[in-house]
Structure formats: C-alpha cells, structure tokens
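Some notes on the structure that comes next.
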Amino acid sequence: MCGKQHQQVYRELTKLAERGAVTYRLEPQVGKPGRKVYAITPVGTEVLEAWFIQAPKLAPPRDEYVARLLSCEVLDPAPMLEHITNLIAESQQLLNHYALLEQRDYGQSTSLTQQQRLMRLALRRSIHQRRAWMARAQEVRDELTMLAASA
C-alpha cells in the first residue's frame, strides 16, 4: 500500500475513534514512536453490521487516463505513449510484487485461516484488476504507436 493510502486509513481510523467505533492502545517500539493497535467497540460492531447488510454499489470508474487518451485527438500522442509505456512497466512491477505476496503469505491454500482466505481474496481482486488494466493499456499503447507513426 502506498503512503497516500496509509494516510487515508489512519484518517478514517481517527474519525472512527472519535465516534467511539474503535479504540486503540499504544504499543511501545524500540527506536520508534509507539504503534497504535486498534480494536472495534460494540458501537463499531453495530455500525459495521448496519453497513454490511446494505447492498453494495458499484463505484463509478474515475480515470484521468481516459481523459488524457481522448486529448490525443488534438494533441501529439507521443507524451501519452510515453506515459502509458511507463505505467505498463510500473504495473508489471506491482503484479510481480503481488505474486510474491500471494506465494509468501497464501501459498499453502489448504492451511489458511478464514482471515487469511479473505485477505487472499482481496489481494486476488487487486491482481485481476491490474491484469485487466494492463491488457487495456497494452492495447492503447499499440494503437497510439500506430497513430504516432501515421502522424
């Protein structure tokens, strides 16, 4: 998880603590500030249950990448081609990392706990999304390459 996502998690945990949905205790660490260990409260369990029974909504895709792609109609596609090539390489590194995590943490699928199985499912979601994004990005890269060659 990148730093920006960590910050968002901690902001949300702080809000939950302010509402009494979670508590935390400080766990001392050598040479570092104390680590906060969070626990859900009865109030938090009620909030979680109320949220859980609601039908989930599909999040609308928000992708700056598509807006940039459409800009290639009036702008030189070369910068977009460079960006997409870099993003494909970055995505491949991320997929490699995910594969290592999956093998290291969930390689023995027959002996996983319930929590580990759920965490593996969350990781697999990220893997599938990244693979789908890469397939589409490779298609875009190939098309932009042809557009740049014909310009």
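Excluded from the calculations below are hydrogen atoms, water molecules and symmetry mates; all remaining heavy atoms, backbone and side chain alike, are included.
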- [ ] Can you establish whether the number of heavy atoms outside Met119 located under 6.0 Å from its atom CE is more than 12?
- [x] no

Open item on the list: Starting from Val140, can I reach Leu70 by hopping between I/L/V/M/F/W/Y residues whose side chains sit under 4.5 Å apart?
Closed with: yes

- [ ] Return the minimal non-hydrogen interatomic distance between Tyr98 and Ser126, and the atom names on each side.
- [x] CE1-CB, 3.8 Å

Open item on the list: Among Gln115, Gln116, Gln114, exactly one meets side chain to side chain contact (heavy atoms under 4.5 Å, CB included) together with Leu118. Which residue is that?
Closed with: Gln114

TODO: Compare every heavy atom of Leu26 with every heavy atom of Pro28, then report the nearest pair and how far apart it is.
DONE: CD-O, 3.7 Å

Open item on the list: So, taking the atom named CD1 in Ile127 and the one named CG in Leu121, what distance separates them when rounded to the nearest 0.5 Å?
Closed with: 11.0 Å

Task: Separation of Trp133 CH2 from Leu95 CG (nearest 0.5 Å) - done: 10.5 Å

TODO: Could you tell me whether the side chain of Leu144 reaches within less than 4.5 Å of the side chain of Cys72, counting heavy atoms only?
DONE: yes

Open item on the list: Can you tell me how far apart CD (Glu64) and CG (Leu69) are? Round to the nearest 0.5 Å.
Closed with: 12.0 Å

Open item on the list: Between Leu16 and Arg19, is there a side-chain heavy-atom distance shorter than 4.5 Å?
Closed with: yes

Task: Nearest-0.5 Å distance that lies between atom CD in Gln138 and atom OG in Ser91 - done: 9.0 Å

TODO: Kindly check if the number of other-residue, nucleotide or ligand heavy atoms within 6.0 Å of CD (Gln108) is above 12?
DONE: no

Open item on the list: Restricting to ring-ring contact (aromatic ring centres under 6.0 Å, His included), what partner residues turn up for Tyr106, sequence neighbours left out?
Closed with: none

Open item on the list: Assess, by modelled atom type and distance only, whether the side chains of Arg11 and Gln8 contain a donor and an acceptor separated by less than 3.5 Å.
Closed with: yes

TODO: Consider only side-chain heavy atoms of I, L, V, M, F, W and Y, link residues closer than 4.5 Å, and tell whether Leu94 and Leu101 are in one cluster.
DONE: yes

TODO: Assess whether side chain to side chain contact (heavy atoms under 4.5 Å, CB included) is satisfied between Leu13 and Tyr24, documenting all intermediate values.
DONE: CA-CA 9 Å; Leu13 283 169; Tyr24 67 87; over 6 Å; no

Task: Of all pairs that satisfy salt bridge (Lys or Arg N to Asp or Glu O under 4.0 Å), the ones with a partner from residues 91-112, not counting sequence neighbours - done: Glu102-Arg120, Glu102-Arg124

- [ ] Can you tell me which residue pairs pass the salt bridge (Lys or Arg N to Asp or Glu O under 4.0 Å) test with a partner in residues 131-147, sequence neighbours excluded?
- [x] Arg136-Glu139

- [ ] Kindly state each residue pair satisfying salt bridge (Lys or Arg N to Asp or Glu O under 4.0 Å) with at least one member in residues 42-60, sequence neighbours excluded.
- [x] none

Side chains of residues 79-87: which donor-acceptor pairs under 3.5 Å do they make with residues two or more places apart or in other chains?
from: Thr85; atom 1: OG1; to: Leu81; atom 2: O; distance (Å): 2.8
from: Asn86; atom 1: ND2; to: Glu82; atom 2: O; distance (Å): 3.3

Task: Short N-O contact, Lys15 and Glu12, less than 4.0 angstrom - done: yes

Name each donor-acceptor pair under 3.5 Å that joins a side chain in residues 30-45 to protein atoms two or more places apart or in another chain, with its distance.
from: Arg35; atom 1: NE; to: Glu27; atom 2: OE1; distance (Å): 3.3
from: Arg35; atom 1: NH2; to: Glu27; atom 2: OE1; distance (Å): 2.7
from: Thr41; atom 1: OG1; to: Gly20; atom 2: O; distance (Å): 2.6
from: Thr41; atom 1: OG1; to: Ala21; atom 2: O; distance (Å): 3.0
from: Thr41; atom 1: OG1; to: Val43; atom 2: N; distance (Å): 3.4
from: Thr41; atom 1: OG1; to: Gly44; atom 2: N; distance (Å): 3.1
from: Thr45; atom 1: OG1; to: Thr41; atom 2: O; distance (Å): 3.1

